[in-house]
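Contents: one structure, followed by commentary.
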Number of protein chains: 2
Amino acid sequence: MESLKPFATGTRVPRLRTAFQRCSMTETHDLQMVGERTGEEKTSKIIVTSPLQSLRRNLQIMATQFKERQPTRDDGRLKTVTLKDIAKVAGVTSMTVSRVMKGEGYVAPATRETVLRIAKELNYSANLAGRALKTGRTGAIAIISGDLTQPYCANIVCLLEAQLTASGYQMRLLHTRGELRDLINATNATAVDGVIIAGLHDLVEEFRALDRHIMQPCIYMGITKSSSGDYIYSNLSPAVEEAVELMVAAGRQRIAYVGVGVVGETLSVFDTEVRTRAYLSVMNREGRVPELIGASPTYDVSGLERVRILKEYFQEHGCPDGLLCVNDDIAIQTYRALMDLGYRIPQDVLLVGCDGLPIMEYFEPPLSTIAQPMEEICARAWQFLQARIANPDIPLQTTSFDAKLVVRRSLAS
Amino acid sequence: MESLKPFATGTRVPRLRTAFQRCSMTETHDLQMVGERTGEEKTSKIIVTSPLQSLRRNLQIMATQFKERQPTRDDGRLKTVTLKDIAKVAGVTSMTVSRVMKGEGYVAPATRETVLRIAKELNYSANLAGRALKTGRTGAIAIISGDLTQPYCANIVCLLEAQLTASGYQMRLLHTRGELRDLINATNATAVDGVIIAGLHDLVEEFRALDRHIMQPCIYMGITKSSSGDYIYSNLSPAVEEAVELMVAAGRQRIAYVGVGVVGETLSVFDTEVRTRAYLSVMNREGRVPELIGASPTYDVSGLERVRILKEYFQEHGCPDGLLCVNDDIAIQTYRALMDLGYRIPQDVLLVGCDGLPIMEYFEPPLSTIAQPMEEICARAWQFLQARIANPDIPLQTTSFDAKLVVRRSLAS
DNA sequence: TTGTACGCGTTATCAA
DNA sequence: TTGATAACGCGTACAA
């Protein structure tokens, strides 16, 4: 490791300690571009120092696609290229062009080629509004999801987006912080061919009570079943039970469940779901005393406030030696509370979350979690929805997937 | 703390250790619903044990909104209620109904009331395709964002969604893992009134080279400026310099920068941006030797692979005593690498990330970061876009916001 | 204050 | 293999 001198900003970096000194990727390209209408020529130099292949491929695209912006019409609206424009240039009718574009019906090969060339030159792209008006299909799917800032929801949206895009559909993301009624109305006002409801763990029950008002085919993804519509069910129970049994096997005495809701004479509705039931069931089977901890009275409480609540609880009641959290968010908040109070994981407390967030692995110690097979679930949801759209009268479609316990150091004593 | 007996699943929980034992929220509601066409009556009991007020409000909605699904037409398409349907019932023309719905033009109060009542009864919602076709406005905005599984992007999308929704616009989320060309094409094919480009840190330069092909008004949000279009600029330099100066003041000798890209004779394009420049500049000013560490040759490398690369680097070259990371993701990956190798933060290494992700605060020790004022940035972006849509010919709109260093324990020696 | 006529861009249908 | 026609639902322009 040689010693280096300081240098001014903007100068080349001489020699640095570096993990990647294998190759210098610098290349210079002369990029020639010709405007289609004006015939104007442009040349610009581009220096590529990037290993990302797509950049190099894009140089070609830039060269071939260079074109001026379309002129605007007198009324200020952008003049877009329509089927008729292409038809006029090609000397055919818009119907022929339509057939070529859709790839359906009989068109003479020569005609097809001409039309395609012109369409490309004019940079044609179909007006979806016109098509939707005629066909009644918008080629879009609404996704109703929970708060995207929850990585769990973001992940679902991402996976679904990949699915839809692959099938040539677009995604409309719906999400409201307000009344569910607004969400339902928004859904109906949104021109889509179908709806997927996902990641609304806390609201799904309420939502389902209103979903008769959604006019489009509708698929549920989640941890509750439905009697009225297609759904994908995530079965968390086996993994929850496995986690508790691991804690028992590790000799832990006081195994508690951290959830959302008010714990009173009756469990809060928020927690009368599958995870809580599984926890209570296995605790009963093991002859243990259940302990329910409310980290947050409702879902709309900030993370730091939950940390405060949990610290208060642990200070007042002492800390259990095994903690099962309703989701990874709360597991992370519990982690923070435990750290603040000086507890050690896993020596003093075992900790496990639920959702399978990748971030869990990065904490010290790495945090265990219960993971759902999200890729498969999302793929299946899209499959169900496509089938339902194609034929609204097919019988009820349902599947369930088992979640899997991911054991990391936070669960290994 | 009394001792408790186990109980069977599904029974009431007798008495539990609990943080919230204040109140039992159980209420029972009889819900009466009447079908509008059939006159059929339904009653169901709902038990509310939730503190979430919206649930209670929704009971009323359910009662008033109950309605059967619309019948389907012979051709299978869902029969939707149109302006004409309402007009027929109300004994007016569709134009009158249109005026009422848009709230524009003169309509007699009595007529308006009748129309509104009927529209509500028929559960009318406007066909966006028809409106878009006529007006050329879709009421939708495309957001081109990076990978939503990056919390940074998810946050932006969330904030923008709130902005758009508040203005009565819808959001179309565009994102491709493939060629940028596809993304551009998708943008044009998507019927939207405008585009916001955000969170494409790694690709924004490439993208900008192609953005002439985007037909709609377009706003950039990011850490690079543009000469050709409206943009919001996040100025990270002052905060980066502040972080380095803090490390210097703390007596740290070897202050390195962890970024993405290949470090060779020339810095990779990925890292020839504002953060790297600010780092190099302040190191130069302080008379220090810069050290650039490539955690990942390109952006599409998995987090765990980056951890591996970083560990390899630290094992080979030893560990710097101050680390500045290009973003929070990489800061978290660096954290994991340091933990695996037994380094202590902040005793052995000071660590700071960049993005202002909330999750940073939950690590032990809490990790410092550089935060952009995202709410303001997103609000401004939407403001710019609205202005540009209203009048495409207004002069270039630009603003810049300074990022702020958030000092936590990882930066306090 | 309300109505008539027309066209936005596309495609289904039928005719040639 | 291609063309003519009509219609999808809405809103602008103008007439009454």
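This structure is a prediction, so every number in the text was calculated from the model and none was measured. All values below come from the heavy atoms of this structure, side chains included, with hydrogens, waters and symmetry mates left out.
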A/T138 side chain reached by A/L128 side chain, heavy atoms, under 4.5 Å: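 Not touching, per the 4.5 Å side-chain cut-off.
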Are any of [X]'s side-chain N or O atoms less than 4.0 Å away from OP1 or OP2 of [N]?
X: A/T135; N: C/dT11; answer: no
X: A/R131; N: C/dT11; answer: yes
X: A/S98; N: C/dT11; answer: yes

In terms of side-chain heavy atoms of [X], which of [options] is nearest?
X: B/K134; options: C/dT10, C/dT11, D/dC10; value: D/dC10
X: B/L133; options: C/dT11, D/dC10, C/dG9; value: C/dG9
X: B/Y124; options: D/dT12, D/dC10, C/dT11; value: D/dC10

Nearest-0.5 Å distance that lies between atom CD1 in A/I197 and atom CG in A/D230: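 Output value for this atom pair is 11.0 Å.
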CD on A/Q170 to CG on A/D193, rounded to 0.5 Å: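 One gets 10.5 Å once the value is rounded to the nearest 0.5 Å.
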Output the rounded distance in Å from [atom1] ([X]) to [atom2] ([N]).
X: B/L83; N: C/dC6; atom1: CG; atom2: P; result: 20 Å
X: A/R137; N: C/dT11; atom1: CZ; atom2: P; result: 14 Å
X: B/E113; N: C/dT1; atom1: CD; atom2: P; result: 15 Å
X: A/I86; N: C/dT10; atom1: CD1; atom2: C1'; result: 12 Å
X: B/N127; N: C/dC8; atom1: CG; atom2: C1'; result: 13 Å

Under 3.5 Å: donor-acceptor pair, side chain of [X], backbone of [Y]:
X: A/N391; Y: A/R388; answer: no
X: B/T135; Y: B/R131; answer: yes
X: B/S98; Y: B/S94; answer: no

Over all atoms of both residues, closest heavy-atom pair of B/P392 and B/I389: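 Here B/P392 and B/I389 meet closest at CD-O, 4.1 Å.
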Minimal non-hydrogen separation, B/A132 against A/A129, with atom names: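 In this case the closest contact between B/A132 and A/A129 is CB-CB, 3.8 Å.
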SB check A/E113 A/R117 (cutoff 4.0 Å):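 The answer is no: the pair does not qualify as a salt bridge.
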Touch class at under 4.0 angstrom, heavy-atom based, for B/K84 against every strand present: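 Result for B/K84 = nothing.
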Estimated bend of the helix from C/dT1-D/dA16 to C/dA16-D/dT1 (axis per five terminal pairs, rounded to 10 degrees):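 Comparing the first five pairs with the last five, the axes sit 40° apart.
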Return the polar atom pairs (N/O with N/O) between nucleotides 2-5 of chain D and the protein under 3.5 Å, or none.
residue : atom : partner : partner atom : Å
D/dT2   : OP1  : A/T111  : OG1          : 2.6
D/dT2   : OP2  : A/A108  : N            : 2.6
D/dG3   : OP2  : A/T93   : N            : 3.1
D/dG3   : OP2  : A/T93   : OG1          : 2.7
D/dG3   : OP2  : A/T96   : OG1          : 2.5
D/dG3   : O5'  : A/T93   : OG1          : 3.3
D/dG3   : N7   : A/R99   : NH2          : 2.8
D/dG3   : O6   : A/R99   : NH1          : 3.4

